[in-house]
Amino acid sequence: MKHRGVVIFMIGLTAALAIGWLAFPAVLYERIEQPLQLSHKVHTGENVGLACEECHSFREDGSFTGIPKLEKCASCHMQTLGNSPEEKRLVDEFVTPNREIPWLAYAAQPQNAYFSHIRHVKIAEIPCERCHGPHGSSDHLDAFQRNRISGYSKTIWGTSLSGIKAGPWDGMKMDDCSHCHNERKVTESCLTCHK
């Protein structure tokens with residue numbers, strides 16, 4: 001009888017944790033499929049061999065272009081090159097009618113945060129994988145997961161609500177940036193990133 005209270009407490013605690021760590025994230029994040037599937041692995045692999053910067057490039061003024069515009073894709077895909085149904089969709093639904101692909105940006109930062117890709121990639125020579133993980137070798141695009149409360153991508157928070165990281169690239173919150181700056185002994189102030 002004495003242990004019954006402990007058992008009931010443990011069952012309740014386990015149920016609460018399961019709801020908090022499993023059910024809550026499922027409700028918190030809305031999954032939206034990207035408008036088109038893309039294999040980074042095919043584009044960066046041996047057959048094609050593109051570097052990240054060939055599609056995700058910098059303008060002459062040093063600003064980052066972000067997700068490539070249709071003209072970048074169309075430069076190679078005016079016609080289908082293989083037999084992929086997704087490539088056929090790319091040509092038929094986007095390239096031929098000259099319609100931009102409405103990609104959802106996993107790493108879009110809040111409007112009050114300024115991030116300079118050129119300062120990190122070109123000057124500090126930080127590889128893309130440090131912040132974006134193995135995304136460049138992925139065979140498909142994950143669904144975009146939008147936080148129903150904040151509107152931000154799950155990529156910004158990280159894969160775990162607990163803050164336990166799968167790698168240094170897992171999360172793009174201010175603490176993640178500050179941690180990287182501290183590792184590299186880079187001084188920062190609020191106005192460095194918030195303009």
Side-chain angles (χ1 to χ4, degrees), residues 24-41 43-44 50-74 86 90 93-94 99-124 126-181 186 188-195:
F24 180 65
V27 173
L28 179 62
Y29 289 102
E30 167 188 24
R31 290 178 58 88
I32 306 168
E33 291 299 324
Q34 289 285 2
L36 194 63
Q37 272 302 316
L38 168 88
S39 171
H40 281 95
K41 188 177 189 176
H43 289 83
T44 60
L50 296 174
C52 298
E53 298 83 24
E54 293 184 66
C55 293
H56 304 281
S57 56
F58 295 94
R59 295 179 189 92
E60 285 187 30
D61 68 357
S63 60
F64 187 60
T65 59
I67 296 173
K69 297 290 185 198
L70 181 66
E71 67 186 58
K72 183 71 81 171
C73 302
E86 287 300 302
L90 167 68
E93 295 178 27
F94 298 102
R99 188 177 132 226
E100 278 300 329
I101 305 166
W103 296 114
L104 300 165
Y106 300 110
Q109 290 291 313
Q111 288 188 2
N112 70 339
Y114 170 76
F115 180 84
S116 168
H117 271 89
I118 203 157
R119 183 178 292 164
H120 291 82
V121 176
K122 296 293 184 189
I123 297 171
I126 297 172
C128 301
E129 295 79 13
R130 171 61 177 83
C131 298
H132 297 284
H135 191 67
S137 60
S138 62
D139 207 23
H140 70 282
L141 298 176
D142 292 332
F144 178 82
Q145 295 184 59
R146 181 180 318 191
N147 183 308
R148 294 177 195 269
I149 297 169
S150 70
Y152 295 120
S153 166
K154 188 173 185 177
T155 303
I156 300 298
W157 181 266
T159 54
S160 171
L161 286 177
S162 69
I164 298 170
K165 300 190 170 304
W169 46 265
D170 191 12
M172 295 181 177
K173 298 184 308 294
M174 187 171 80
D175 287 350
D176 300 309
C177 298
S178 292
H179 178 73
C180 186
H181 286 176
V186 174
E188 58 184 16
S189 74
C190 297
L191 294 177
T192 304
C193 305
H194 299 283
K195 309 249 182 210

### Message
Go through it in stages, so that I can follow the logic: the residues are Phe94 and Leu36, the test is side chain to side chain contact (heavy atoms under 4.5 Å, CB included), and I'd like the CA-CA distance, side-chain angles, deciding distance and then a yes or no.
### Response
CA-CA 10 Å; Phe94 298 102; Leu36 194 63; 4.3 Å; yes
### Steps toward side chain to side chain contact (heavy atoms under 4.5 Å, CB included) verdict (Leu38, Glu86)
CA-CA 7 Å; Leu38 168 88; Glu86 287 300 302; over 6 Å; no
### Message
Could you go through Thr65 and Phe58, starting from their C-alpha distance and side-chain angles, then the distance that decides it, and tell me whether this counts as side chain to side chain contact (heavy atoms under 4.5 Å, CB included)?
### Response
CA-CA 6 Å; Thr65 59; Phe58 295 94; over 6 Å; no
### Message
For a side chain to side chain contact (heavy atoms under 4.5 Å, CB included) check, start with the C-alpha distance between Ser57 and Lys72, then their side-chain angles and the critical distance, and finish with the verdict.
### Response
CA-CA 10 Å; Ser57 56; Lys72 183 71 81 171; 4.1 Å; yes
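We find the CD-CG distance between Glu100 and Leu70 to be 5.0 Å, quoted to the nearest 0.5 Å. One distance of note links CG of Leu141 with CD of Glu33; it measures 9.5 Å at 0.5 Å rounding. Here OH of Tyr106 is found 4.0 Å from CD of Gln34. Values are rounded to the nearest 0.5 Å. The CD1 atom of Ile67 lies 12.0 Å from the SG atom of Cys55; values are rounded to the nearest 0.5 Å. Taking CG of Asn147 as the start and OH of Tyr152 as the end, the distance is 10.0 Å to the nearest 0.5 Å. The OG atom of Ser150 sits 7.0 Å away from atom OH of Tyr29, with the distance rounded to the nearest 0.5 Å.
Residue pairs meeting the salt bridge (Lys or Arg N to Asp or Glu O under 4.0 Å) criterion with at least one member in residues 156-166, sequence neighbours excluded: Lys165-Asp176. Among residues at least two apart or in separate chains, there is no salt bridge (Lys or Arg N to Asp or Glu O under 4.0 Å) pair with a member in residues 112-122.
Looking at Ser178, its side chain does come within 3.5 Å of a backbone N or O of Met174 through a donor-acceptor pair. A donor-acceptor contact shorter than 3.5 Å is absent between the side chain of Arg146 and the backbone of Arg31. Of the possible donor and acceptor atoms, none in the side chain of His181 sits under 3.5 Å from a partner among the backbone N and O of Val186. When atom types are taken as modelled, the side chain of Glu129 and the backbone of Pro134 share no donor-acceptor pair closer than 3.5 angstrom. At least one donor-acceptor pair closer than 3.5 Å links the side chain of His56 to the backbone N or O of Gly66.
What you find for Ser137 and Lys41 is that their closest heavy atoms are O-CB, 3.6 Å. The two residues Ser39 and Asp139 come nearest to each other via the heavy atoms OG-OD1, 2.8 Å. Taking both residues in full, the closest heavy atoms of Pro35 and Pro102 are given as CG-O, 3.4 Å, listed atom of the first, atom of the second, then distance. Annotation for Met172 and Ala107: closest pair SD-CB, 3.5 Å, computed over non-hydrogen atoms. Heavy atoms only, all atoms of each residue included: Trp157 and Ser160 are closest at NE1-O, 3.3 Å. Annotation for Ala108 and Ile156: closest pair O-CD1, 3.5 Å, computed over non-hydrogen atoms.
Inter-residue side-chain proximity for Phe115 and Cys193 is flagged as unmet; no heavy-atom pair is nearer than 4.5 Å. Glu53 places a side-chain heavy atom less than 4.5 Å from the side chain of Cys128.
Within a 6.0 Å radius of NE2 in His179, other residues, nucleotides and ligands contribute 12 heavy atoms or fewer.
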